Amino acid sequence: MDDQPRLMHSSHGVGMAGHPGLAQHMQDGTGGADDEGRKQDIGNILQQIMTITDQSLDEAQARKHALNCHRMKPALFNVLCEIKEKTVLSIRGAQEEEPPDAQLMRLDNMLLAEGVSGPEKGGGSAAAAAAAAAAGGVGSDNSAEHSDYRAKLSQIRQIYHTELEKYEQACNEFTTHVMNLLREQSRTRPISPKEIERMVSIIHRKFSSIQMQLKQSTCEAVMILRSRFLDARRKRRNFNKQATEILNEYFYSHLSNPYPSEEAKEELAKKCSITVSQVSNWFGNKRIRYKKNIGKFQEEANMYAARTAANATSVSTHGSQANSPSTPNSAGGYSSPCYQSDRRIQ
DNA sequence: TCACATGATTGGCA
DNA sequence: TGCCAATCATGTGA
């Protein structure tokens with residue numbers, strides 16, 4: 001608590017242009033016997049200020065010029081620069097040598113992969129396609145969502161580049177300004193070119209840290225967009241009636257072994273306008289649900305059995321025995337809806 | 001609004 | 001790697 005009075009006391013020797021006691025006098029307003037003397041001091045200072053004339057200013061300029069032009073000045077500045085290099089700057093310089101930032105590299109790579117930085121490749125359509133592929137869906141509104149994703153990604157890209165340009169411009173302007181300032185100051189104080197160079201690199205580092213923040217927030221925006229896009233893909237859409245018919249037809253006509261081969265899956269996928277993985281999902285779900293509640297599916301099984309039988313009659317009448325996913329080729333076993341093959345629902 | 005249907009996802013297993 | 005089983009999340013119809 002007594003720090004302040006002590007500090008004020010210590011300032012007496014140098015306070016207010018070398019006028020002892022003046023600072024304290026002005027602070028605590030103590031008067032008394034010294035008052036007259038202090039007023040005299042202030043009066044003297046004011047008198048000195050008032051007597052500064054154009055002539056004395058010119059004289060000061062002339063002295064400064066003479067000092068600048070002194071033959072020993074360059075040598076003196078060189079020595080001072082060397083001393084600076086050997087002391088403070090050398091220590092600072094050693095600390096400034098940093099390895100390339102791994103985080104920055106990661107951000108750069110990600111922005112490049114997402115099509116935000118680097119050359120524009122269709123506004124990130126590849127990324128959108130990858131996101132769609134990851135979701136594994138091929139909906140009817142796929143292209144609409146794609147274009148929406150592309151539009152938003154392109155918006156992010158545009159904002160990123162605008163901001164980046166702004167930062168680069170500001171960095172260049174500030175660097176030029178500081179360099180000019182230092183060059184100007186180097187006339188009156190020893191500043192080596194190396195020191196200017198170091199200052200420039202400090203400025204660049206500061207600006208690159210700002211750029212990193214920009215890159216980070218851009219990455220976040222892309223991740224949010226991506227997750228929203230993927231969430232949208234996750235939205236379930238029931239297959240159309242025709243597709244369900246085709247899949248059910250295959251399932252019940254292959255009830256003894258409802259495991260379509262890869263070729264059959266591909267063909268079913270083609271016929272139903274869905275993906276192979278959707279066909280696999282459907283069969284997986286169907287098998288498990290059928291097994292869990294055979295009674296419930298009995299009616300459905302009978303219906304498809306009748307339809308298949310009708311189809312078979314029609315086919316045999318026409319003398320054709322096509323063997324395709326929609327034209328069953330195996331014994332159904334509908335009378336007893338349990339599987340007879342080695343791989344069957346138990 | 002609710003119950004049920006259904007496509008998708010996930011973890012474990014062979 | 002494909003399948004099963006459980007579960008989630010959304011669609012659908014009463």
Side-chain angles (χ1 to χ4, degrees), chain A residues 113-114 124-150 152-153 222-308 323-326 328-334 336-346:
Chain A
E114 290 295 334
S125 59
V138 186
S140 58
D141 52 352
N142 187 34
S143 60
E145 282 176 14
H146 249 189
S147 65
D148 189 38
Y149 181 89
R150 276 204 303 273
K152 280 176 179 151
L153 194 69
V222 171
M223 290 319 274
I224 289 166
L225 176 68
R226 203 181 160 91
S227 68
R228 277 184 191 160
F229 180 70
L230 286 171
D231 282 350
R233 300 276 69 218
R234 191 188 157 93
K235 274 180 187 168
R236 193 174 63 78
R237 292 278 182 279
N238 286 352
F239 298 155
N240 62 43
K241 212 171 178 180
Q242 199 190 348
T244 314
E245 292 265 306
I246 292 167
L247 294 167
N248 271 318
E249 229 167 76
Y250 186 95
F251 179 80
Y252 288 112
S253 63
H254 294 76
L255 209 49
S256 59
N257 185 29
Y259 298 87
S261 64
E262 273 306 302
E263 291 76 29
K265 279 182 193 173
E266 277 171 25
E267 202 168 338
L268 283 167
K270 213 171 176 181
K271 283 190 170 183
C272 301
S273 303
I274 57 176
T275 64
V276 172
S277 63
Q278 280 177 307
V279 172
S280 299
N281 283 340
W282 189 93
F283 273 89
N285 285 323
K286 190 73 183 180
R287 279 191 297 265
I288 195 99
R289 281 161 189 165
Y290 179 84
K291 189 184 112 177
K292 272 186 178 174
N293 199 345
I294 292 173
K296 192 184 113 187
F297 287 96
Q298 192 59 62
E299 201 180 325
E300 194 178 57
N302 291 338
M303 189 191 83
Y304 279 101
R307 194 180 294 181
T308 307
N323 187 9
S324 77
S326 59
N329 62 348
S330 68
Y334 296 120
S336 177
C338 64
Y339 303 142
Q340 293 150 6
S341 70
D342 55 335
R343 203 182 195 179
R344 63 186 174 194
I345 300 171
Q346 292 155 356

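Reminder, nothing fancy here: chain letters follow the sequence lines and each chain counts from 1. Note that this is a predicted model, so its numbers are computed, not measured.
- Side-chain nitrogen and oxygen atoms of A/K265 include none within less than 4.0 Å of the OP1 or OP2 phosphate oxygen of C/dG2.
- In this structure, A/F283 atom CZ and B/dT9 atom C1' are separated by 19 Å, rounded to whole Å.
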Report each atom pair, protein N/O against N/O of nucleotides 3-6 of chain B, whose distance is under 3.5 angstrom.
unit_1	atom_1	unit_2	atom_2	d
B/dT6	O2	A/R236	NE	3.1
B/dT6	O2	A/R236	NH1	3.4
B/dT6	O2	A/R236	NH2	3.2

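- Checked against side-chain hydrogen bond (donor to acceptor under 3.5 Å, both in side chains), A/Q242 has no partners two or more places apart in sequence or in another chain.
- Applying the salt bridge (Lys or Arg N to Asp or Glu O under 4.0 Å) test to A/E266 and every residue at least two apart in sequence or in another chain returns nothing.
- Atoms CG (A/N293) and P (C/dA5) sit 15 Å apart, rounded to a whole Å.
- If you measure from atom CG of A/N281 to atom P of C/dA5, you get 16 Å, rounded to the nearest angstrom.
- Applying the side-chain contact (heavy atoms from CB on, under 4.5 Å) criterion to A/E245, with sequence neighbours excluded, gives A/Y304, A/R307.
- Closest heavy-atom contact between A/F283 and A/P258: CD2-O, 3.8 Å.
- Applying the side-chain hydrogen bond (donor to acceptor under 3.5 Å, both in side chains) rule to A/N281 yields no partners; only residues at least two apart in sequence or on another chain are considered.
- In this structure, A/E299 has no salt bridge (Lys or Arg N to Asp or Glu O under 4.0 Å) partners at least two apart in sequence or on a different chain.
- One can place CD1 of A/I288 at 15 Å from P of B/dG7, the figure rounded to the nearest angstrom.
- The OH-P distance, from A/Y290 to C/dC4, rounds to 14 Å in whole Å.
- The listed nucleotides are C/dC4, B/dG7, C/dA6; the one nearest the side chain of A/R287 is C/dC4.
- Spacing between atom CZ of A/R237 and atom C1' of B/dA8 amounts to 13 Å, rounded to whole angstrom units.
- Remark: P of C/dC8 and CG of A/N285 are 15 Å apart, rounded to the nearest angstrom.
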